[in-house]
Every structure is written in structure tokens, then in C-alpha cells.
Amino acid sequence: EVVAGEPVEIIAELSGIVPRKAHLFTRENETQDWAPLVLPVRQKTAKHQFPIVTRSFSYYFAAHNAKTQSYTLTVRQRPLVTRVVHHDTFPPHTHLPDRQNQEGGDIVVPLGTSVSLHIETSETLDDAWLIIDKDQRVPTQVSDNQAQVTLTIDKDARYTIQLQDPHMIRNRAPVTYRIVALPDRSPDVRLLRPGNAEIGEAMSLSVSAEAFDDYGITKMEVRYKVNQQTKDQVKPMVLAQQAKETTADAIWNLTALDLLPGDRITYRVRAYDNNPSPNYGETQEFVIRFPSLYEIHQATEKAQQESLG
């Protein structure tokens, strides 16, 4: 017995009156005629090498009027992957329906997806396993000519499927498949109003923003600092809805901040997505100014002159 794809050398030793040539006869089944090969005899030996054998065949040697009995060379096929199907169960926060019967071994799914691989092969299996990134071995459950395994996708990777039949024959040069773990992107946030502004007599501002995310927005807030503060303060915003695209608003009463003329507030709007470990995105920073005493005085004088004018 030999493994398909391997070379095989057949050797016959001759005795008695040794001819200069011998014949090797081969056929793959009994319905075929014997195909002869003429072989030189050297040092009482005739031999022939088949560079690659792929199918079983029978053979015998003949020289002069003598011949050997018929022998059978059994060629065992290497196991091959004939089909790969995967079923994808996406993380709950994506709100995506399960995806069934995806053909092929390449996997492109959101990070955290549970992927069930179903592998079909050409031969009955004794064992099968995955090799991920060349060094991680992942066992599978084997039944007849099928194997199954479930993976939780936590990174980009490449993998191969390794097979072994009951005769300890393995597959050769397995295909390399890729795993692409699609990251949960941070939300995009845009301020609608007020942008850079000055505080008026009402000491109140209306803040509005919109946000976009691949799976959903759950919370938005204004984060701000007064003058040289280093730690953010937080003003919650009212979310229109928890969705992939949404808006949020806040009426920001600045009276409680005890601002003085010349003070500055730097602020930005932050939005959080619905990932169990939330990602967030932010707008750029904007500035709210409390006019200085000089600016207030100048504005008052201007208003008086206009009223007299």
C-alpha cells in the first residue's frame, strides 16, 4: 500500500540465465489489457520507478518464458476537504439576524461573532483540527467524513484544516483561509448648535447634536471644562431614540457654574454606542465665552447711543 501522490519503485531480482531485458506488465482493472514496459536488467535486477501514483493497479514481471505471479499495488487517497460551510451568530448588540449556510472557509464577520464551521471531506476521518496562525491547534468533532467546530472571532487570523484518516494518512498542502474580524467602529458625532458662542443675559444655551454608528447609539452628553480645569464635567443630553442615526438635545443652564466676566468654557459632545464595552466618538472642541467687563461696558454704551440716535 502506498499514498496517492508519492513515488513508487518496483524491483525484481532475477536468477539462472539472466536476460538483458525484462518486462513489467501493469493494468488498473481486469477489463484492461496488460500494458508492457521494457526494462534493462543490470546486476540481475530489473526495476522501474513511477514518479507519482494516483490509482491502484496490478502488475507482474516477465523475462524469457518465466514470469512472476500478479501483485496488486493499493493506492490510498489522501483525505481532501470537499466543502466548507459556516453559520454565523452575531453579537446581540449588532441586532443582526443569524447568517446560515455561508459557503467557503473565508470568514468575514463582526468582532465577537460565533462561527460554526461544517467541514466535509473525501474520506472517512479519524481526526481533524484547525491550525490558526500556524501555531494554535483547535480540535474538531469528527463523524464519518465530516468535522465540526465553533469559533468565537476575536481577531484577524489565517487558518488551515488538517485531516487524518484511519490509516494515519494526512491531507497535503491544505488551503489557507482568512478570518477578518470587523471592528465595532466608534460613533461619528456632529454638533448642530450652538458652536462657538457668547453667553447672553439668559445664561442658558440650547445644545443640539447628531450621531451615527454602525449598530446603534445609546447615550450622548456634553463634556466641558471651565477655564483651566483639567477634569471634564458632564451635562447629559436627551436622546431622540436609540438607533444607528439619532439626535440629542440639552438646555444648558450656566447659572450654576458661577461664571465671571472673561471666563471661558471649552466643550464637546460625546456619543456612546451599544457595545457591551462602549466605544465613543466626539465632536471637536468649541468655546463659550462670558464677555469681559470691558466688552460688557462697550456693548452697553453702544446700546445707549443707538437708543439716543
Side-chain angles (χ1 to χ4, degrees), residues 3-6 76-189 211-218 244-245 271-282:
V3 179
E6 299 291 340
R76 296 201 176 276
Q77 301 298 320
R78 290 184 181 275
L80 301 172
V81 174
T82 56
R83 188 185 184 207
V84 182
V85 178
H86 57 93
H87 309 311
D88 307 328
T89 303
F90 301 112
H93 75 273
T94 66
H95 303 298
L96 296 173
D98 292 354
R99 191 165 58 184
Q100 303 291 327
N101 299 319
Q102 297 300 296
E103 292 284 347
D106 287 336
I107 300 168
V108 182
V109 293
L111 196 68
T113 298
S114 176
V115 175
S116 296
L117 274 178
H118 177 79
I119 302 161
E120 297 179 6
T121 67
S122 60
E123 308 293 330
T124 299
L125 296 175
D126 176 67
D127 195 7
W129 62 96
L130 308 184
I131 297 294
I132 300 178
D133 286 341
K134 297 183 179 180
D135 58 4
Q136 180 186 358
R137 178 182 173 125
V138 178
T140 71
Q141 293 182 333
V142 170
S143 176
D144 195 18
N145 68 327
Q146 300 181 11
Q148 291 185 330
V149 63
T150 298
L151 305 172
T152 299
I153 305 305
D154 58 2
K155 64 177 182 178
D156 291 348
R158 293 184 180 274
Y159 74 96
T160 59
I161 301 171
Q162 308 288 327
L163 308 175
Q164 180 174 289
D165 72 9
H167 302 283
M168 307 301 287
I169 299 172
R170 294 185 178 183
N171 58 330
R172 172 180 285 176
V175 173
T176 298
Y177 301 102
R178 64 191 181 108
I179 297 173
V180 178
L182 301 174
D184 187 352
R185 297 189 301 272
S186 299
D188 294 324
V189 193
F212 309 86
D213 186 66
D214 40 8
Y215 302 122
I217 302 292
T218 58
K244 293 182 179 182
E245 301 181 13
Y272 296 87
D273 68 11
N274 61 354
N275 193 299
S277 300
N279 303 300
Y280 66 83
E282 296 181 331

Requested in this report: Step by step, work out the side chain to side chain contact (heavy atoms under 4.5 Å, CB included) result for R76 and D165.
Outcome: CA-CA 10 Å; R76 296 201 176 276; D165 72 9; 5.5 Å; no

Query raised in the report: Is the backbone N or O of E123 less than 3.5 Å from a side-chain atom of T121, with the two atoms forming a donor-acceptor pair by type?
Result: yes

Requested in this report: Kindly say whether T150 contributes a backbone atom to a donor-acceptor pair with the side chain of S116 at under 3.5 angstrom?
Outcome: no

Requested in this report: Would you indicate whether the side-chain heavy atoms of P183 and L111 approach each other to under 4.5 Å?
Outcome: no

Requested in this report: Please answer whether the main-chain N or O of D106 pairs with a side-chain N or O of H86 as donor and acceptor at a distance below 3.5 Å.
Outcome: yes

Report task. Might you confirm whether atom CD of Q141 has over 12 heavy atoms from other residues, nucleotides or ligands at distances under 6.0 Å? Result -> no

Query raised in the report: Between the side chain of S114 and the main-chain N/O of T89, is any donor-acceptor distance below 3.5 Å?
Result: no

Query - Short side-chain to backbone donor-acceptor contact, S186 and N279, under 3.5 Å - result: no

Report task. Apply side chain to side chain contact (heavy atoms under 4.5 Å, CB included) to E6 and R172, showing your working. Result -> CA-CA 11 Å; E6 299 291 340; R172 172 180 285 176; 2.4 Å; yes

Query raised in the report: Applying the side chain to side chain contact (heavy atoms under 4.5 Å, CB included) test to Y159, which of V175, L117, L151, T176 qualifies?
Result: L117

Report task. May I ask you to say whether K155 pairs ionically with D133, meaning some side-chain N is under 4.0 Å from a carboxylate O? Result -> yes

Report summary line: NE2 of H93 to CG of N275, rounded to nearest 0.5 Å, is 4.0 Å

**Report entry** Crowding at OH, Y280 (>12 non-hydrogen neighbours, <6.0 Å)
**Finding:** no

Query raised in the report: Would the number of heavy atoms belonging to other residues, nucleotides or ligands and lying under 6.0 Å from CZ of R99 be above 12?
Result: yes

Requested in this report: Measure from the side-chain N and O atoms of N171 to the backbone N and O of I161, and report whether any donor-acceptor pair falls under 3.5 Å.
Outcome: yes

Query raised in the report: Can you check whether L80's main-chain N or O pairs, donor with acceptor, with S122's side chain at less than 3.5 Å?
Result: yes

Query - Minimal non-hydrogen separation, A147 against A128, with atom names - result: CB-CB, 4.0 Å

